[in-house]
2 protein chains.
Amino acid sequence: MSGFKHLAFYGVCGGLLIVALQFVRYRFLVLEHSVEVYAVIVAAGFAALGIWLGITITGRPVVVKEVTVEVQVPAPAGPFEPDLAKIESLGITPRELEVLQLIAEGLSNKEMAERLFVSENTVKTHASRVFDKLGAGRRTQAVQLAKSQGIIA
Amino acid sequence: MSGFKHLAFYGVCGGLLIVALQFVRYRFLVLEHSVEVYAVIVAAGFAALGIWLGITITGRPVVVKEVTVEVQVPAPAGPFEPDLAKIESLGITPRELEVLQLIAEGLSNKEMAERLFVSENTVKTHASRVFDKLGAGRRTQAVQLAKSQGIIA
DNA sequence: GGCAGAATCATTCGAAAGGATGACGACGGG
DNA sequence: CCCGTCGTCATCCTTTCGAATGATTCTGCC
């Protein structure tokens with residue numbers, strides 16, 4: 001969906017939203033409720049929508065409140081040195097780390113099994129365990145998490 | 001101005017707003033700008049709209065105390081510059097690139113479908129195409145290849 | 001106004017991945 | 001000597017992926 005249809009879709013959504021707001025507004029006015037309260041609700045709603053959009057689009061939290069813009073500088077380049085403390089704290093074993101690295105290189109379970117001279121089942125076990133420890137449900141997610149935490153290169 | 005006219009006015013405004021947002025979105029996406037930046041703009045816009053609504057409706061200023069948005073941008077250590085030439089030469093489309101990035105973030109096809117407002121089938125199609133263009137058979141491999149070639153962060 | 005490139009969605013199938021468990025031998029430290 | 005950790009392997013079952021196609025709709029462009 002794009003082009004005219006695209007625009008029309010969003011336009012209609014926007015229109016409906018506004019109409020709904022108007023409806024709510026009238027209901028509130030008729031019911032003699034505080035206009036201020038209504039305004040706050042609407043404002044809060046839009047703010048929430050904005051924040052939600054931020055979260056949805058970026059996929060990461062948008063923190064509201066503090067007045068600072070922090071910038072994370074994760075990778076200063078240089079020869080990668082794994083965060084042993086992090087690995088330790090997560091209880092990741094050497095073998096699991098090995099499997100994790102191979103996963104990051106894009107190998108399938110079968111390929112890893114061949115390279116490590118073990119059965120595919122064993123690889124899957126290691127993978128499952130390391131996913132668990134990383135809190136990942138997918139290998140791609142595990143890779144993303146591991147890299148962002150300095151566990152693997 | 002009231003009644004239908006009233007509603008129509010607001011509807012049109014809403015529609016135009018959304019259309020504008022879409023326009024901005026595509027500009028940003030096509031120009032490969034940071035999605036985070038875009039999200040912040042949208043969020044700030046909606047928040048501002050909410051505040052404006054509050055002021056307009058109540059007829060009195062809404063005191064906004066320290067409402068700032070803190071966004072954690074992952075790696076501005078040399079703001080990643082995608083290799084447009086490489087992307088071009090491989091014939092990777094904007095949508096495919098988008099899917100590729102989400103894959104790298106560890107999302108499943110279903111999650112991507114929800115975030116992009118398309119069907120899972122569509123996501124799978126984009127994924128297949130981009131795998132083809134990258135010469136990858138697995139998503140993890142695609143991520144590895146794309147990163148090593150400066151296609152994605 | 002037609003055409004190429006996109007984006008969209010669908011169907012079907014087989015392969016890969018993942019979850020849940022259970023088990024067994026090796027090794028090391030109480 | 002017993003227990004805990006690690007590494008190994010297995011089975012069963014569900015979900016997800018990926019390949020191969022075909023079709024439709026939009027958009028941009030000549």
Side-chain angles (χ1 to χ4, degrees), chain A residues 1-11 87-146, chain B residues 19 22-23 25-27 29-30 32 87-146:
Chain A
M1 176 170 56
S2 65
F4 175 70
K5 258 194 170 177
H6 214 160
L7 294 182
F9 171 72
Y10 282 103
I87 294 174
E88 181 81 13
S89 70
L90 290 178
I92 295 176
T93 71
R95 203 56 160 170
E96 287 165 357
L97 183 59
E98 210 173 345
V99 168
L100 182 57
Q101 290 169 330
L102 293 181
I103 285 176
E105 288 176 21
L107 299 194
S108 68
N109 289 338
K110 187 171 298 183
E111 289 168 337
M112 284 187 273
E114 290 170 3
R115 182 175 304 193
L116 299 176
F117 304 106
V118 296
S119 81
E120 191 180 337
N121 285 317
T122 301
V123 172
K124 289 172 76 171
T125 299
H126 289 317
S128 277
R129 295 229 172 100
V130 85
F131 289 170
D132 225 45
K133 291 168 182 174
L134 283 171
R138 284 171 288 288
R139 47 183 49 224
T140 45
Q141 199 180 4
V143 171
Q144 196 276 325
L145 289 170
Chain B
V19 168
Q22 282 304 109
F23 176 72
R25 175 184 180 189
Y26 275 106
R27 297 287 294 174
L29 285 180
V30 168
E32 302 300 337
I87 294 173
E88 183 79 14
S89 71
L90 290 177
I92 295 177
T93 70
R95 202 55 159 171
E96 287 165 359
L97 182 60
E98 211 173 343
V99 168
L100 181 58
Q101 290 169 330
L102 293 181
I103 286 177
E105 288 176 22
L107 275 67
S108 69
N109 289 337
K110 186 172 296 184
E111 290 169 335
M112 285 188 273
E114 289 171 4
R115 185 175 299 193
L116 299 177
F117 305 107
V118 297
S119 81
E120 191 179 337
N121 287 317
T122 301
V123 172
K124 289 172 74 172
T125 300
H126 288 315
S128 278
R129 294 236 171 94
V130 85
F131 288 169
D132 227 43
K133 291 168 183 176
L134 284 171
R138 285 172 288 286
R139 46 178 55 221
T140 45
Q141 200 180 6
V143 170
Q144 197 275 327
L145 290 170

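For clarity, every value in this text was computed on a predicted model and none was experimentally measured. Chain letters run A, B, ... following the sequence lines, proteins first, then strands; residues in each count from 1.
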Student: At a cut-off of 3.5 Å, list every protein nitrogen or oxygen paired with a nitrogen or oxygen from nucleotides 28-30 of chain C, distance to 0.1 Å.
Tutor:
none

Student: Round to a whole Å and report the spacing from CG of B:Leu100 to P of D:dG18.
Tutor: 12 Å

Student: Not counting sequence neighbours, which residues clear side-chain contact (heavy atoms from CB on, under 4.5 Å) with A:Leu90? List them please.
Tutor: A:Lys86, A:Ile92, A:Leu134, A:Gln149, A:Ile151

Student: How many angstroms lie between CG in B:Leu116 and OG1 in B:Thr122, if you round to the nearest 0.5 Å?
Tutor: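 It is 9.5 Å, given to the nearest 0.5 Å.
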
Student: Grab the CD-P distance between B:Gln141 and C:dA16 for me, whole Å please.
Tutor: 13 Å

Student: Please check the phosphate of D:dT5 (OP1 and OP2 only) for any side-chain N or O of A:Thr93 closer than 4.0 Å.
Tutor: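 No, because none of the side-chain N or O atoms of A:Thr93 sits under 4.0 Å from OP1 or OP2 of D:dT5.
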
Student: Can you tell me the distance, in whole Å, between the CD atom of B:Glu96 and the C1' atom of C:dT8?
Tutor: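 Nearest whole value for this atom pair: 13 Å.
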
Student: Pair up each side-chain donor or acceptor in residues 96-105 of chain A with any protein partner under 3.5 Å, not counting sequence neighbours, and list the distances.
Tutor:
residue, atom, partner, partner atom, Å
A:Glu96, OE1, A:Thr93, N, 3.0
A:Glu96, OE1, A:Thr93, OG1, 3.4
A:Glu96, OE1, A:Lys133, NZ, 2.8
A:Glu96, OE2, A:Lys133, NZ, 3.0
A:Glu98, OE1, A:Arg95, NH1, 3.0

Student: Base contacts versus sugar-phosphate-only contacts with protein, heavy atoms under 4.0 Å: please encode nucleotides 17-22 of chain C as B, S and - from 5' to 3'.
Tutor: BBS---

Student: Expressed as a whole number of angstroms, how long is the span from B:Arg95:CZ to D:dT25:C1'?
Tutor: 15 Å

Student: Heavy atoms under 4.0 Å, any strand shown: does B:Thr122 hit a base, just sugar-phosphate, or nothing?
Tutor: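 Contact class for B:Thr122: base.
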
Student: What is the distance from CG of A:Leu97 to C1' of D:dC6, rounded to the nearest Å?
Tutor: 14 Å

Student: Is the distance from OP1 or OP2 of D:dT8 to the nearest side-chain N or O of A:His126 less than 4.0 Å?
Tutor: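 Yes, because at least one side-chain N or O of A:His126 sits under 4.0 Å from OP1 or OP2 of D:dT8.
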
Student: Atom CZ of B:Phe117 to atom C1' of C:dA7: distance rounded to whole Å?
Tutor: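 One finds 16 Å between C1' of C:dA7 and CZ of B:Phe117, rounded.
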
Student: Axis-to-axis angle across the helix from C:dG1-D:dC30 to C:dG30-D:dC1, five pairs an end, to 10 degrees?
Tutor: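 That helix has its two terminal axes inclined by roughly 50°.
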
Student: Between D:dT8 atom C1' and A:Leu116 atom CG, what is the distance in whole Å?
Tutor: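 From A:Leu116 CG to D:dT8 C1': 12 Å.
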
Student: Does B:Asn121 make a side-chain N or O approach to OP1 or OP2 of C:dA10 shorter than 4.0 Å?
Tutor: yes

Student: Considering residues at least two apart in sequence or located in another chain, which fulfil the side-chain contact (heavy atoms from CB on, under 4.5 Å) criterion with B:Gln141?
Tutor: B:Ala136, B:Arg138, B:Leu145

Student: To the nearest Å, give me how far apart CG (B:Leu134) and P (D:dG18) are.
Tutor: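 Going from CG in B:Leu134 over to P in D:dG18 covers 12 Å.
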
Student: Side chains of residues 124-131 of chain B: which donor-acceptor partners sit under 3.5 Å, not counting sequence neighbours?
Tutor:
residue, atom, partner, partner atom, Å
B:Thr125, OG1, B:Asn121, O, 3.0
B:Ser128, OG, B:Lys124, O, 3.3

Student: Would you find a donor on one side and an acceptor on the other, under 3.5 Å apart, between the side chain of A:Glu111 and the backbone of A:Ser108?
Tutor: yes

